[in-house]
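Order of the sequence lines fixes the chain letters, A, B, ..., with proteins taken first and strands second; residue numbering starts at 1 for each chain.
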Number of protein chains: 2
Amino acid sequence: MHNVNMKAEQLHQLIWMSRPLMQAAEGCVENGLTGTNLTVRMRAVLEILHKYGEQTVPELAARLDIQRQYVQIMCNETLTSGFIEQRPNPRHKRSPILTLTNQGSALIEDILSKEMQIMQEMSEDLSTEDIATALKVILSVVDGLQKRTGERK
Amino acid sequence: MHNVNMKAEQLHQLIWMSRPLMQAAEGCVENGLTGTNLTVRMRAVLEILHKYGEQTVPELAARLDIQRQYVQIMCNETLTSGFIEQRPNPRHKRSPILTLTNQGSALIEDILSKEMQIMQEMSEDLSTEDIATALKVILSVVDGLQKRTGERK
DNA sequence: TCATATTGACATTATGCATGTCATTTTGAC
DNA sequence: GTCAAAATGACATGCATAATGTCAATATGA
């Protein structure tokens, strides 16, 4: 009985750490971007292209779960900066395929590897099992919260 | 060696669940507010007053870690709605103490108890130890990330 | 007492999107 | 092949959630 409330309260605390966690994560990413001429949004574009390969703006938007119109803006910025370029799309003349330039490719790889190094450093303080457990709990909580809400979209 | 990368990758995945987690949590809170004439910001004001007792706008701002000027707006809205009221502040004539009205007090208690019930339901799927472990990991990660960033003031 | 800090109020700006519209393709069903 | 429907880029507008700047009134502390 008392145990039930303990669990609920700890879960509550866990859930509301999500904001500080996100802010800390984003701050850290932003920090790693200084001196690169990249913005956080441009980095996001490069990351997806690096992870999933070249693709069009609408595909990127679906992947990022952001409105197409906004992703268009992000991509246009990134194009201007020269980290990505357009390739003709055989499947759609108005919608070119976006692809990393050599410069963009090298940059995002460098950034991601530095970020991964931070992950490794931080994971030294934690056991493999604890990390796995935490991830499992978080996934379960996200699922539970979404189910109990007016289902997005 | 391979283990190191596994840990880092799981940690990475965990960290970037923070955004969906936050969105799910906020969506759920918003959902619970329908029919109450409360906005999310007003709910935040009520919650702090309920948790930490009556206080001034600047105190609230510090607690919420939001700029004083914005919290002022949130509080003025909440005042208009009648869920909180001003009390003379013996320590500062220009800065009244904000306190919950009976109506506001009843409302926030109802909301918080319904939210806690959701926590209890969700915690049924998880063990006490797993929740505790997850919380520990998250706190550690937030700490680690903040340390590795241009330290937020 | 008097320089400095605090506070409420108001104005402006920024960020990160969502939403709406339009003209131009592109696609798919017939 | 035709034609309605869908996809796409471009552009405009709106909106929530703040940060930032300023001012005048008031408080505070040395």
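- To the nearest angstrom, P of C:dT7 lies 12 Å from CD1 of B:Ile97.
- Whole-Å rounding puts the A:Gln23 CD to D:dT17 C1' distance at 12 Å.
- Salt bridge A:Lys147/B:Glu121: absent, no basic N to carboxylate O contact under 4.0 Å.
- The interatomic distance linking B:His92 (NE2) with C:dG8 (P) rounds to 7 Å, in whole Å.
- For B:Gln55, the side chain to side chain contact (heavy atoms under 4.5 Å, CB included) criterion is met by B:Ile48, B:Leu49, B:Tyr52, B:Glu59, B:Leu60, B:Arg63, not counting sequence neighbours.
- Taking for each of A:Arg19 and A:Glu59 the nucleotide of DNA chain D with the nearest heavy atom, the 5'-most of the two is the partner of A:Glu59.
- Put simply, the side chain of B:Lys51 never gets that close to the backbone of B:Leu46: no donor and acceptor are under 3.5 Å apart.
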Verdict with reasoning, A:Arg19 to B:Glu26, per salt bridge (Lys or Arg N to Asp or Glu O under 4.0 Å): CA-CA 10 Å; A:Arg19 181 185 286 271; B:Glu26 290 185 345; 2.5 Å; yes
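- When each of A:Ile73, A:Ile84, A:Leu100 is checked for a side-chain contact (heavy atoms from CB on, under 4.5 Å) with A:Thr78, only A:Ile84 meets the rule.
- D:dG9 atom C1' lies 17 Å from atom CD of A:Gln55, rounded to whole Å.
- Whole-Å rounding puts the B:Asn89 CG to D:dT26 C1' distance at 13 Å.
- Put simply, the side chain of A:Arg94 and the base of D:dT8 share a donor and an acceptor less than 3.5 Å apart.
- Close to C:dG8, at under 4.0 Å from its OP1 or OP2, lies a side-chain N or O of B:Ser95.
- Atom pair A:Leu64:CG and C:dA18:P shows a separation of 11 Å (rounding to whole Å applied).
- The structure places CG of A:Leu79 at 9.5 Å from CE of A:Met42, a figure rounded to the nearest 0.5 Å.
- A heavy atom closer than 4.0 Å to some atom of DNA chain C occurs in B:Arg68, B:Gln69, B:Gln72, B:Asn76, these being the qualifying members of residues 66-82 of chain B.
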